[in-house]
Amino acid sequence: MKRTAGILLAGGQSRRFGSPKAFAEYKGAPFYHYSLQALNPFCEEIIVATRTEFVDKFPKDLCVTTDLVQFSGMGPLAGILSGMEAVKADHYIVLPCDMPFIQQRVIARLVDEHSGDVSAVTVEGKRHPLVSIWQASAKPMIRRALIEDNRRVMHVQAQLNGRWIEGSSLTDSPKLVFKNVNTPCEIERR
Ligand SMILES: Nc1nc2c(ncn2[C@@H]2O[C@H](COP(=O)(O)OP(=O)(O)OP(=O)(O)O)[C@@H](O)[C@H]2O)c(=O)[nH]1
């Protein structure tokens with residue numbers, strides 16, 4: 001049977017937010033909780049890829065890893081590879097930690113629509129490369145990109161046999177569901 005793992009990206013610097021976004025609260029729960037909930041039914045295991053200083057802030061029952069030392073500080077692509085290296089699986093569902101409106105049923109649809117080496121979501125022309133599903137076979141290409149200091153997730157996706165899935169085919173409210181929060185006022189307005 002194919003094994004699916006989830007990778008929750010939570011190693012960013014949150015410069016625009018001003019405090020670590022993973023632990024910012026929305027409706028009484030930390031942002032990361034919403035991504036975790038969305039991934040949960042579809043993954044045999046979920047790994048949180050984060051920075052050393054955040055490891056102890058996550059509950060002890062979560063699997064948490066830090067980015068591979070070689071690629072530390074290189075952004076979400078490094079987090080994706082680090083998650084892949086930490087957990088063996090056939091494919092990986094990746095979500096950022098700053099998408100508190102994400103929904104399980106939308107991830108279910110994304111899983112149904114996934115094909116090829118990688119799938120990711122686009123909403124009205126805005127690409128969300130981190131909301132994605134990757135085959136394990138993409139790992140060497142990600143590694144090579146990072147070794148060459150190419151940190152762009154979309155660049156790697158373009159080199160793979162991948163597809164962009166229109167958010168409107170997954171949910172009636174794609175702009176909200178796939179909204180990533182970068183500043184506190186974006187969440188205060190809700
Ligand atoms: N593991 C890991 N995750 C990262 C890294 N950089 C960003 N992320 C995650 O990727 C997602 C999108 O991050 P961004 O909002 O683009 O970047 P950020 O550093 O969190 O925020 P800014 O400093 O405001 O750009 C979030 O879930 C981040 O936690 C990294 O180097 N390693």
Side-chain angles (χ1 to χ4, degrees), residues 1-14 17 20-24 26 29-104 106-108 110-111 114 116-121 128-147 151-154 156-157 160 162 178 180-181:
M1 218 176 86
K2 298 265 188 212
R3 189 176 151 80
T4 304
I7 301 176
L8 202 169
L9 297 171
Q13 297 191 46
S14 307
F17 200 83
K21 279 193 276 192
F23 309 103
Y26 175 63
F31 280 10
Y32 79 81
H33 170 83
Y34 296 95
S35 302
L36 204 59
Q37 289 288 100
L39 289 170
N40 211 23
F42 314 104
C43 302
E44 273 82 45
E45 198 172 337
I46 298 172
I47 183 92
V48 180
T50 192
R51 319 162 69 83
T52 313
E53 62 265 38
F54 298 160
V55 170
D56 290 337
K57 289 175 170 259
F58 287 97
K60 295 281 170 276
D61 59 343
L62 279 184
C63 289
V64 179
T65 190
T66 52
D67 288 357
L68 297 163
V69 174
Q70 188 185 359
F71 303 121
S72 156
M74 290 184 73
L77 192 60
I80 293 171
L81 181 67
S82 305
M84 287 176 162
E85 292 291 0
V87 175
K88 204 168 154 45
D90 300 293
H91 40 249
Y92 297 88
I93 311 176
V94 174
L95 280 181
C97 69
D98 57 0
M99 225 169 236
F101 311 109
I102 196 74
Q103 296 168 349
Q104 270 179 11
V106 174
I107 300 302
L110 182 61
V111 169
H114 168 66
D117 297 325
V118 62
S119 306
V121 170
H128 292 282
L130 302 184
V131 184
S132 53
I133 303 183
W134 301 72
Q135 299 304 115
S137 54
K139 227 193 292 184
M141 196 174 281
I142 300 176
R143 180 177 283 279
R144 204 173 320 127
L146 289 167
I147 289 170
R151 307 174 182 201
R152 291 197 64 214
V153 178
M154 277 196 275
V156 177
Q157 287 168 332
L160 291 162
F178 297 110
N180 64 298
V181 176

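Predicted model only: the values in this text are computed from it and were never measured. Note that these values count all heavy atoms, side chains included, but never hydrogens, waters or copies made by symmetry.
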So do [Y] and [X] actually touch side chain to side chain, heavy atoms under 4.5 Å?
X    : Y    : value
L68  : R143 : yes
K139 : R144 : no
L8   : L36  : yes
C63  : V48  : no
V118 : Q135 : no
R51  : V55  : no
I7   : W134 : no
L77  : R152 : no

Query raised in the report: Taking only residues two or more places apart in sequence, or in another chain, which ones meet Q37 in a side chain to side chain contact (heavy atoms under 4.5 Å, CB included)?
Result: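 Counting only residues at least two positions away or on another chain, Q37 forms a side chain to side chain contact (heavy atoms under 4.5 Å, CB included) with H33.
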
Query raised in the report: Got a sec, which residues hit side chain to side chain contact (heavy atoms under 4.5 Å, CB included) with A22, two or more places apart in sequence or on another chain?
Result: A10, Y32, F58, C97

If you round to the nearest 0.5 Å, how far is [atom2] of [Y] from [atom1] of [X]?
X    : Y    : atom1 : atom2 : answer
M154 : L130 : CE    : CG    : 9.0 Å
I93  : S35  : CD1   : OG    : 12.0 Å
T50  : D56  : OG1   : CG    : 10.5 Å
I47  : M84  : CD1   : CE    : 13.0 Å
S82  : M74  : OG    : CE    : 10.5 Å
H91  : S132 : NE2   : OG    : 13.0 Å

Query - D90/R3 salt bridge by N-O under 4.0 Å criterion - result: no

Query raised in the report: Do the charged groups of E45 and K88 touch, with an N to O distance under 4.0 Å?
Result: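 Result for this pair is no, no salt bridge flagged.
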
**Report entry** V111, V121, T4 screened by side-chain contact (heavy atoms from CB on, under 4.5 Å) with I133, the one that passes
**Finding:**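 Of all the options given, the one that passes is V111.
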
If you take all heavy atoms of [X] and [Y], which pair is closest and at what distance?
X    : Y    : value
Q157 : A120 : NE2-CB, 3.7 Å
L9   : P76  : CD2-O, 3.9 Å
A138 : L160 : CB-CD1, 3.8 Å
L39  : G6   : CD1-CA, 4.3 Å
F54  : G12  : CE1-O, 3.9 Å
I102 : A38  : CG2-CB, 3.8 Å

Side chain of [X], backbone of [Y]: donor and acceptor closer than 3.5 Å?
X    : Y   : answer
R151 : G75 : no
S72  : Q70 : no
S14  : K21 : yes

Requested in this report: Go through the steps to decide whether N40 and I46 satisfy the test side chain to side chain contact (heavy atoms under 4.5 Å, CB included), and finish with yes or no.
Outcome: CA-CA 7 Å; N40 211 23; I46 298 172; 3.8 Å; yes

Report task. Compute the centroid of each ring, for Y34 and then for Y26, and state whether the two points are separated by less than 6.0 Å. Result -> yes

Requested in this report: Give the C-alpha distance, both sets of side-chain angles, the deciding distance and a yes or no for side chain to side chain contact (heavy atoms under 4.5 Å, CB included) between V131 and N180.
Outcome: CA-CA 10 Å; V131 184; N180 64 298; over 6 Å; no

Report task. Mind running side chain to side chain contact (heavy atoms under 4.5 Å, CB included) on V181 and F31 for me, showing each step along the way? Result -> CA-CA 9 Å; V181 176; F31 280 10; 3.9 Å; yes

